[in-house]
Each structure stands twice: as structure tokens, then as C-alpha cells.
Amino acid sequence: MPPGERAGEGQVAVCSLSSRELVEPLSTMPGVALAGTLMTANLGIEELLRTLARRPAIRGLVVCGRDSPRFLAGQSLLALFRDGVDPERRSIVGAAGYLPLLRSVRLPEVERLRARVEVVDARGECDPLVLGDIVQKLLARVRAAPPPAPGGRTAEDGRAASGDGPSGRVPGFHRLRAGGRRVGLSRELDGFVVISLDRRARRVVLRHYGGDLTPRHEMTGVRAESMLLGLLSAGVITDPAHAGYLGGELTKAETALRLGLPYVQDVPLREPGRPGDAVLPVHEREEAPAVTDVSPGLPDLAEFLTAVVTGLGLEGGELDPDVPLGTQVSVESVRMIELAILLEEELGLDLPPDLDLRRCSPQELYEALTG
């Protein structure tokens, strides 16, 4: 379970999937040892398994809340406890989630957890009172059950219990040292870049000037990633080191805009009122609006369709406005996730957390945006 989990004393853990609002009330229930969310069918499940392994007193797990249709982490978690892991592919057997691979947990430990922990499928249930009853019934069962046999289950073919793949080892990380050098930004860009905020329009503003202060390019946006991709696509940035620098600065600006923090280019973010915020550099343009139109208004349908095509990675393709996306195109889940981010962050569409974009037509999404 990710950072932000709530721990207590007890023998039951509760996984509320994408329902963050359930963590606090569930963590205070009698018998609950741990409550947290689960967002992904790979790294998220790995962290949950490591957490359960560190808490041997936990004998039960309730899976509840909303399961994201984009990741299906809950379905994948239940498949893991029901069917286990393919020892060769390291994939969760029967999982429908995005990339349900467990690369950095030991399979014998997974088998021990499957033997030790009873799992209750309460997906879709978000009522703390109902969940409290489910927790108490599970708690009664695990307290009455005999302790698990030492070593847990053994896979029928013996592979899962004897090791983790051909080498019997879990892949590890190679440690890298931070640091490096980049050429001067003025030489790479023939000029320099100024990043500022337009708080009234709630946009990050990036301006590229020539070495003689001639205006070259201007870009506005709300998401650092899309702004950096735009710079790379336009050929304004070609050096990887400078892409890293601008990605960091744009992310810092996006964070300052979202959280209402002071932003000064090349200066670390500070909490309001801390020393150093009163005196700003000469080039500070925190409240200066963009020279070009910052708020171009809502796109028309043709522009919206183009944005959806780009978000799905279908450059050059066409979409029928009235046909559900899943009927028209076959794209991997990660593309649907990127489309959801585009619709929410760039276009301002408020998507329900359980919405399956594959079942929506472009026209329906556009009407939700403009209506």
C-alpha cells in the first residue's frame, strides 16, 4: 500500500483501491491493522505484498471501494490470491489489469501470503458501516482459524517454492550517481527561456528569447509534461540535458500553481512566508500574463477530435464522433490513461473516477466538456 496508509492494531488489512476517502474511517475500526489504497496492478501490488509480509499478524484482507476501470488493480489482486503467479512470465494468472507483472517479489513469499491471508471481495462497497460489518465477520473467522502451516503453499510443479525463475533471484536495481554536465543553455537555444505563472488564467507561461532579447516562442499550459512534449515536438529543445532541466522547472511551476506557492525560476520552492520570498530576482514575472492569448476558449468539435486522436497516439487517423472509442480503435490501457489525463488536465473535463472511456463516444465527451 502506498505512502499515506493508516496503521493500527489488529489482524485484518483493508485495501480501498482508488477510494482514498475510505482510508481514514476504515483504519480506526476495531481489528483493522492497516488500511490503504491500491492504484496499479504491478508496483502497487508488490508494495502491498511487502507490507503484508512485514506484518505477520495480518490474516485477513478486505478489498473494497472503487476499482479503476483503467488499471483494474482490484481484479488483479483478487486473481493473485486466487490463482497465483506464472513463475516463468512473472505475470498474475487471470489478471485483467494493465501490465500485471510482479518482478521484484519472491514467489515463495507470495505463496506464503496466499496461504496465510484470507481475502474478501467487497469491490464497489463504499459504505463504512457495511464494511465495518464485513471486517468484523472476517476478523472472527481468522481468529477462529488454525495458524497457517509453516512455509505456506507449494506450487504443484515445485517451481514457485524452489526459487524465482531460472536464476532463483529477484532482479535488483543498479545504483546510479546523480550529476552530470550540460552545455550552456544560451548556446543550445541561441537565447534563453523564462518561465513564469499567470495565476489569473491558472497557466504556466514559457517564453523563449533570442540572445539579443528578440521574442522567439511562447507557450502556455497547465501540465509540465505536455508543455515539454510540445517543445520537443516543435524542435525548440533537442539536447536531453536541457529537456531534463526544463522538465524540472516546468514541474516546479506546475506544482507552485496548483498549491499556491511562490515560484521563482532556478530557485527551490518554499512555503509562503519563509525567508527569501520577499526579494525576487529582476526577471521575476510571476503575475505577468502571456503576450499571446492564454485563454483561447473551448475547442470546437474538430479541434477536440484532433486532441483525442493525439492523446490516443493515432496521428493521421480519424474518429467517428458518434461511435464509442472502444468500438473504433484498439489501443493499450496506457493510451486511455494518457487520454484521461489530457481531458482532465489540459481541457478541464471532470471525469468520474469509475468512467470507462472505451464506452464513451467523442461526441459524448465533447458535450460533457462544453455543456
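Positions are given from 1 along the sequence.
A salt bridge links Glu21 to Arg66: one of the charged nitrogens lies within less than 4.0 Å of a carboxylate oxygen.
Met29 and Val142 fall within the same hydrophobic cluster, where Ile, Leu, Val, Met, Phe, Trp and Tyr residues are linked whenever their side-chain heavy atoms come under 4.5 Å apart, directly or through other members.
Considering only heavy atoms from C-beta on, Gln11 comes within 4.5 Å of Leu139 through its side chain. In this structure, the side chains of Leu78 and Arg123 come closer than 4.5 Å at one or more pairs of heavy atoms. In this structure, Thr51 and Ile58 have side chains that are not in contact, with every pair of non-hydrogen atoms separated by 4.5 Å or more. Two residues are said to be in side-chain contact when any heavy atoms from C-beta on lie closer than 4.5 Å; Leu77 and Leu61 meet this criterion. Two residues are said to be in side-chain contact when any heavy atoms from C-beta on lie closer than 4.5 Å; Leu231 and Leu206 meet this criterion. In this structure the side chain of Ile134 reaches within 4.5 angstrom of the side chain of Leu131, judged on heavy atoms.
Across all their heavy atoms, Ala96 and Leu72 have their closest contact at O-CD1, 3.6 Å. Residues Leu269 and Pro262 approach most closely at CD2-O, 3.6 Å, considering heavy atoms. Shown here for Gly74 and Val63, the closest heavy-atom pair between the two residues is CA-CG1, 4.5 Å. Counting all heavy atoms, side chain and backbone alike, Val323 lies closest to Pro362 at O-CD, 3.3 Å. For the pair Glu125 and Cys64, the tightest heavy-atom approach, listed with the atom from each and the gap, is O-CB, 3.7 Å.
We find the NE2-CG distance between His242 and Leu232 to be 13.0 Å, quoted to the nearest 0.5 Å. Rounding to the nearest 0.5 angstrom, the gap separating the CZ atom in Arg103 from the OG atom in Ser91 is 8.5 Å. Interatomic distance, Leu107 CG to Glu109 CD, rounded to the nearest 0.5 Å: 10.5 Å. Between atom CG of residue Leu365 and atom CG of residue Leu357 there is a gap of 6.0 Å, rounded to the nearest 0.5 Å. With rounding to the nearest 0.5 angstrom, the CG atom of Asn42 is 13.0 Å from the CZ atom of Arg90. In this structure, Phe304 CZ and Leu343 CG are separated by 5.0 Å, a value rounded to the nearest 0.5 Å.
With respect to Arg89, the side-chain contact (heavy atoms from CB on, under 4.5 Å) criterion is satisfied by exactly one of Val93, Asp86, Ile92: Asp86.
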Worksheet entry | Worked check of side chain to side chain contact (heavy atoms under 4.5 Å, CB included) between Thr251 and Leu228 | CA-CA 10 Å; Thr251 299; Leu228 182 60; over 6 Å; no
Worksheet item: Passes side chain to side chain contact (heavy atoms under 4.5 Å, CB included), Leu22 versus Val14? Steps please.
Response: CA-CA 10 Å; Leu22 292 178; Val14 183; over 6 Å; no
Fill in: side chain to side chain donor-acceptor pair (under 3.5 Å) between Tyr263 and Glu249, intermediate numbers included
CA-CA 10 Å; Tyr263 172 75; Glu249 277 300 318; 2.6 Å; yes
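The main-chain N or O of Pro30 is found under 3.5 Å from a side-chain atom of Gln136 such that the two form a donor-acceptor pair. For the pair Ser76 (side chain) and Gly97 (backbone), a donor-acceptor distance under 3.5 Å is present. Of the possible donor and acceptor atoms, none in the side chain of Asp320 sits under 3.5 Å from a partner among the backbone N and O of Ser361. Between the side chain of Arg116 and the backbone N or O of Leu52 there is at least one donor-acceptor pair closer than 3.5 Å. Judged purely by atom type and a 3.5 angstrom limit, Ser233 has no side-chain atom pairing as donor or acceptor with the backbone of Leu229. With hydrogens and angles disregarded, a donor-acceptor distance shorter than 3.5 Å links the side chain of Gln75 to the backbone of Gly94. Looking only at distances, a side-chain donor or acceptor of Gln265 sits under 3.5 Å from a matching main-chain atom of Val193. The main-chain N or O of Arg82 is found under 3.5 Å from a side-chain atom of Arg114 such that the two form a donor-acceptor pair.
The 12-atom threshold is not exceeded at CZ of Arg20, counting heavy atoms of other residues, nucleotides or ligands nearer than 6.0 Å. Residue-environment remark: CZ (Arg359) stays at or below the threshold of 12 foreign heavy atoms within 6.0 Å.
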